[in-house]
Participant: 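Quick one: structure below, then a few questions.
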Amino acid sequence: MESAIKKMLDRAREVALTLLKQEEVLVVTHIDADGLTAGSIALQALQRAGIESDIMFLKQLDAQAIEEIADKNVFTWFTDLGSGQLDLIAEKKIECVITDHHVPQGHYKLQLNPHDFGIDGSHELSGSAATYLVARSMGLNYDLVSLAMVGAVGDLQDSKHGKLIGVNREILKEAIKGGFVDAVRDIRLFGKQTRPVLKMLEYTYDPYLPGISGNERGAIEFLEGLGIPLKNGSWRRWIDLSQEEKRAIVSELVRLCIQAGYSVSTIKRLVGETYILLNEEEGTELRDAMEFSTLLNATARYGHEDIGLAVCLGDRCTAFRKARTLLQNHRRNLSEGIKLVDEIGIEELENIQYFHAEDRILDTIVGIVAGMCFTKANLKKPIIAFANNGKGIKVSARATQRLVEKGVHLAKALHAVAEKVGGKGGGHNIAAGATIPVGTETEFLKHLDRVIGEQLGHSQKVNLSSNH
Ligand code: C5P
Ligand code: C5P
Ligand code: ZN
């Protein structure tokens with residue numbers, strides 16, 4: 001691992017040197033928390049180096065977007081995307097560097113991607129952290145490490161072990177040493193800094209808390225049952241509780257989850273490392289990496305990337321206020337999305353399960369909803385979600401760590417199957433996405449069910465038994 005990191009740092013330096021030679025650079029990035037933080041790290045590193053720069057946000061790097069970028073004829077820095085579209089970038093001869101962590105479809109000498117160094121891009125290095133590795137080779141950019149950690153948490157890179165691992169962890173150590181971030185063992189739920197505890201519990205869907213998730217009365221009774229006052233003048237937040245109260249809540253949640261038959265790994269994820277941004281004010285969304293990243297998702301995934309970007313660049317007034325309003329809207333959409341899935345139900349095929357949200361869940365958040373529905377659904381099969389988007393059908397897929405260990409690789413599966421039906425897909429082993437033509441969903445599901453079966457070795461078993 002050490003030598004892999006060393007090789008990566010060499011590549012980061014090469015990429016940084018190339019960037020420093022440019023007079024003008026266009027940063028092109030993804031619209032989620034990891035993309036926003038990656039893009040804002042890149043933009044700040046360029047500005048500090050005196051390089052003229054601009055930024056462009058994309059839902060997806062497709063042929064049309066690549067055409068648009070090629071037309072600009074400016075040196076480009078792709079962050080948190082690009083590796084899956086190397087063929088299109090080469091075809092249009094776009095001069096560029098790439099800092100990404102999606103499964104690469106090919107090689108490129110100015111690409112910093114963990115997969116090229118045998119490092120897992122879904123847990124060990126986020127797009128933002130890969131971008132930070134280049135930024136720190138461009139000058140005195142150590143303060144940007146906080147954004148790198150927010151992006152990593154936003155991509156759920158800490159979900160496997162309840163803490164950041166791999167290269168992310170090495171970067172975290174730097175962040176702690178520099179006094180930018182603290183890692184604290186605590187409950188890993190959203191809203192510890194800002195929400196009344198009862199709301200924090202009520203709005204938790206991952207894991208789904210039996211009797212509490214989506215149920216205000218249930219959340220109140222849960223807390224009252226433990227003798228925990230809901231108010232002390234104002235509503236009490238998690239950070240206002242005593243250690244004993246926190247411990248009582250955690251033990252009771254663990255008991256409820258055991259009773260509901262959840263797997264050990266799901267239950268273990270309740271508690272783990274959480275990341276505090278020491279330069280942010282306590283009691284704000286920005287203090288906790290998980291809340292910060294959700295705040296960012298609430299902006300760019302709804303077309304308000306300018307607001308998310310401004311917050312990343314340090315705005316704590318107007319943009320921050322607007323982002324908080326958008327966050328309320330995002331939380332509402334997520335909880336309505338989950339209720340919708342409850343209503344329409346999840347269909348099971350042999351090796352996968354799916355739902356089709358049509359126009360009722362935004363294509364940019366349907367993947368988050370699918371991930372949140374997972375603990376309540378069958379964890380033995382990857383979950384596939386469809387939603388309409390103007391250009392076709394958006395597909396989002398999520399697996400569990402256990403399924404990945406058994407051979408599931410969603411990026412490979414979605415890439416291959418989307419291509420078969422005339423679409424495009426990619427991503428990570430545990431989470432991937434695609435866009436496919438309208439009307440090809442049934443065919444897509446049929447092929448995907450077979451491919452996932454093959455990844456799990458099911459077809460081999462069939463072959464072996466049919467040899468007898
Ligand atoms: O494009 P990008 O890599 O930023 O998107 C990653 C997506 O995959 C996020 O929505 C995240 O929720 C999901 N993911 C996941 N589990 C992981 C890594 C990523 O669900 N271990
Ligand atoms: O949109 P969603 O959160 O489901 O995306 C999951 C992962 O799949 C992300 O890493 C995203 O970048 C990737 N993806 C992709 N190609 C698409 C759609 C999503 O590589 N057409
Ligand atoms: Zn990412």
Side-chain angles (χ1 to χ4, degrees), residues 33-34 36-45 47-48 125-136 138-159 161-195 197 200 236-243 246 271-299 307-317 319-321 323-324 327:
D34 192 26
L36 255 174
T37 48
S40 53
I41 290 170
L43 199 63
Q44 290 183 83
Q47 285 169 352
R48 289 173 184 181
L125 191 70
S126 63
S128 56
T131 305
Y132 170 73
L133 288 181
V134 170
R136 79 200 257 292
M138 288 173 69
L140 279 177
N141 291 315
Y142 295 109
D143 56 317
L144 301 180
V145 75
S146 308
L147 287 173
M149 297 295 93
V150 169
V153 169
D155 253 14
L156 307 186
Q157 297 233 326
D158 56 342
S159 62
H161 296 281
K163 62 180 185 186
L164 290 169
I165 58 163
V167 189
N168 283 328
R169 189 151 200 92
E170 297 307 313
I171 298 174
L172 171 70
K173 284 185 200 158
E174 248 182 47
I176 294 174
K177 221 178 187 173
F180 299 109
V181 175
D182 198 6
V184 179
R185 201 175 152 73
D186 203 345
I187 197 163
R188 295 184 71 250
L189 300 188
F190 173 88
K192 293 195 290 292
Q193 293 281 334
T194 56
R195 318 211 89 192
V197 183
M200 178 184 93
R236 300 177 77 209
R237 301 160 300 180
W238 183 258
I239 51 171
D240 300 321
L241 301 188
S242 69
Q243 286 307 325
K246 288 181 183 173
V271 174
E273 245 174 33
T274 62
Y275 303 103
I276 305 292
L277 272 62
L278 295 171
N279 293 331
E280 301 295 344
E281 199 181 317
E282 172 144 295
T284 68
E285 289 81 359
L286 308 174
R287 180 81 172 174
D288 175 300
M290 195 189 275
E291 290 195 60
F292 196 151
S293 69
T294 308
L295 183 84
L296 295 180
N297 275 325
T299 64
I307 295 176
L309 178 67
V311 172
C312 287
L313 298 181
D315 183 314
R316 300 290 175 264
C317 297
F320 181 39
R321 225 180 12 252
R324 287 172 113 163
L327 178 61

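FYI, side chains are in, hydrogens and waters are out, and symmetry mates aren't considered; it's all heavy atoms of this structure. None of the values given here were measured: they were computed from a predicted structure.
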Participant: Taking all heavy atoms of Val150 and all of Ala289, pick out the closest pair and write down the distance.
Facilitator: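 Minimum heavy-atom separation between Val150 and Ala289: CG1-O, 4.1 Å.
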
Participant: Do side-chain atoms of Arg169 reach the backbone of Leu164 as a donor and acceptor pair under 3.5 angstrom?
Facilitator: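 Yes: the side chain of Arg169 pairs with the backbone of Leu164.
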
Participant: For the atom pair OH (Tyr132) and OH (Tyr142), what is the distance rounded to the nearest 0.5 Å?
Facilitator: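 It is 6.5 Å, given to the nearest 0.5 Å.
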
Participant: Does Ile171 form a side-chain contact (heavy atoms from CB on, under 4.5 Å) with Leu133? I'd like the steps, not just the answer.
Facilitator: CA-CA 8 Å; Ile171 298 174; Leu133 288 181; 3.7 Å; yes

Participant: With a 4.5 Å limit on heavy-atom distance, are the side chains of Lys246 and Ile187 in contact?
Facilitator: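 No, every pair of side-chain atoms sits at 4.5 Å or beyond.
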
Participant: Could you check Ser128 against Asp34 for side chain to side chain donor-acceptor pair (under 3.5 Å), going step by step and ending with a plain yes or no?
Facilitator: CA-CA 6 Å; Ser128 56; Asp34 192 26; 2.9 Å; yes

Participant: Backbone N or O of Ala45 within a donor-acceptor pair of the Asn141 side chain at under 3.5 Å?
Facilitator: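 Pair absent, no side-chain N/O of Asn141 close to backbone of Ala45.
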
Participant: Please output the side-chain donor-acceptor pairs of residues 176-185 that fall under 3.5 Å, not counting sequence neighbours, one pair per line with the distance.
Facilitator:
none

Participant: OG/Ser293 to CG/Leu156 distance, rounded to the nearest 0.5 angstrom?
Facilitator: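 Reported to 0.5 Å precision, the distance equals 8.0 Å.
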
Participant: Hey, what do you get for CZ (Arg188) to NZ (Lys192), rounding to the nearest 0.5 Å?
Facilitator: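 Result: 8.0 Å between the selected atoms.
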
Participant: Which one of Gln193, Arg287, Arg316 satisfies the side chain to side chain donor-acceptor pair (under 3.5 Å) criterion with Glu280?
Facilitator: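 Of the listed residues Gln193, Arg287, Arg316, the side chain to side chain donor-acceptor pair (under 3.5 Å) partner of Glu280 is Arg316.
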
Participant: Rounded to the nearest 0.5 Å, what separates atom CG in Leu125 from atom CD1 in Ile165?
Facilitator: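 The distance works out to 11.0 Å.
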
Participant: Find out whether Tyr275 and Phe292 are in side-chain contact, i.e. whether some heavy atom of one side chain is under 4.5 Å from a heavy atom of the other.
Facilitator: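 Tyr275 does not reach Phe292 side chain to side chain.
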
Participant: Charged N to carboxylate O below 4.0 Å: is that the case for Glu291 and Arg195?
Facilitator: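 The answer is no: the pair does not qualify as a salt bridge.
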
Participant: Quick one: pull up CZ in Phe320 and OG1 in Thr284 and give me the separation to the nearest 0.5 Å.
Facilitator: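 Interatomic distance, Phe320 CZ to Thr284 OG1, rounded to 0.5 Å: 5.0 Å.
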
Participant: What pair of heavy atoms forms the shortest contact from Ala148 to Ala129, and how long is it?
Facilitator: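 Minimum heavy-atom contact is CB-CA, 3.9 Å.
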
Participant: What are the two closest heavy atoms between Leu309 and Ser40, and how far apart are they?
Facilitator: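 Closest approach of Leu309 to Ser40: CD1-CB, 3.7 Å.
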
Participant: I want to check something: taking the side chain as every heavy atom from C-beta on, are Leu172 and Met149 in contact at a cut-off of under 4.5 Å?
Facilitator: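 Sidechains of Met149 and Leu172: in contact.
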
Participant: Working note: Leu189 + Trp238, criterion side-chain contact (heavy atoms from CB on, under 4.5 Å); need CA distance, chi angles, decisive distance, verdict.
Facilitator: CA-CA 10 Å; Leu189 300 188; Trp238 183 258; over 6 Å; no

Participant: To check you understand the geometry: which heavy-atom pair defines the closest contact between Asn168 and Ser126, and what is its length?
Facilitator: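 Of all heavy-atom pairs spanning Asn168 and Ser126, the closest is OD1-N, 3.4 Å.
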
Participant: Quick one: are Leu277 and Asn279 in side-chain contact, heavy atoms under 4.5 Å?
Facilitator: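 With C-beta onward as the side chain, the pair stays apart.
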
Participant: Can a salt bridge be assigned to the pair Asp158 and Lys163 using a cut-off of 4.0 Å between side-chain N and carboxylate O?
Facilitator: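 Result for this pair is no, no salt bridge flagged.
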
Participant: Are Met200 and Thr194 side-chain neighbours, meaning at least one heavy-atom pair lies under 4.5 Å?
Facilitator: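 They are not in contact (no side-chain heavy atoms under 4.5 Å apart), so the answer is no.
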
Participant: Show your working on side-chain contact (heavy atoms from CB on, under 4.5 Å) between Asp155 and Val153 and close with a plain yes or no.
Facilitator: CA-CA 5 Å; Asp155 253 14; Val153 169; over 6 Å; no

Participant: Would you indicate whether the side-chain heavy atoms of Thr274 and Met290 approach each other to under 4.5 Å?
Facilitator: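 No, too far: nothing below the 4.5 Å cut-off.
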
Participant: Out of the candidates Leu327, Val311, Leu36, only one should pair with Thr299 under the side chain to side chain contact (heavy atoms under 4.5 Å, CB included) rule; please name it.
Facilitator: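 That would be Leu36.
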
Participant: Other residues, nucleotides and ligands only: do more than 12 of their heavy atoms fall within 6.0 Å of CD on Gln47?
Facilitator: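 It does: Gln47 CD has more than 12 such atoms within range.
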
Participant: Which heavy-atom pair separates Ala33 from Asn297 by the least distance, and what is that distance?
Facilitator: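 Answer, listing the atom of Ala33 first, then Asn297: N-OD1, 3.0 Å.
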
Participant: Any side-chain heavy-atom pair from Met138 and Arg48 closer than 4.5 angstrom?
Facilitator: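 They are not in side-chain contact.
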
Participant: Is any side-chain heavy atom of Arg324 less than 4.5 Å from a side-chain heavy atom of Glu285?
Facilitator: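 Yes. Closest side-chain heavy atoms under 4.5 Å.
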
Participant: Any chance you could measure Leu144, atom CG, to Gln44, atom CD, to the nearest 0.5 Å?
Facilitator: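 Spacing of CG (Leu144) from CD (Gln44) equals 5.0 Å.
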
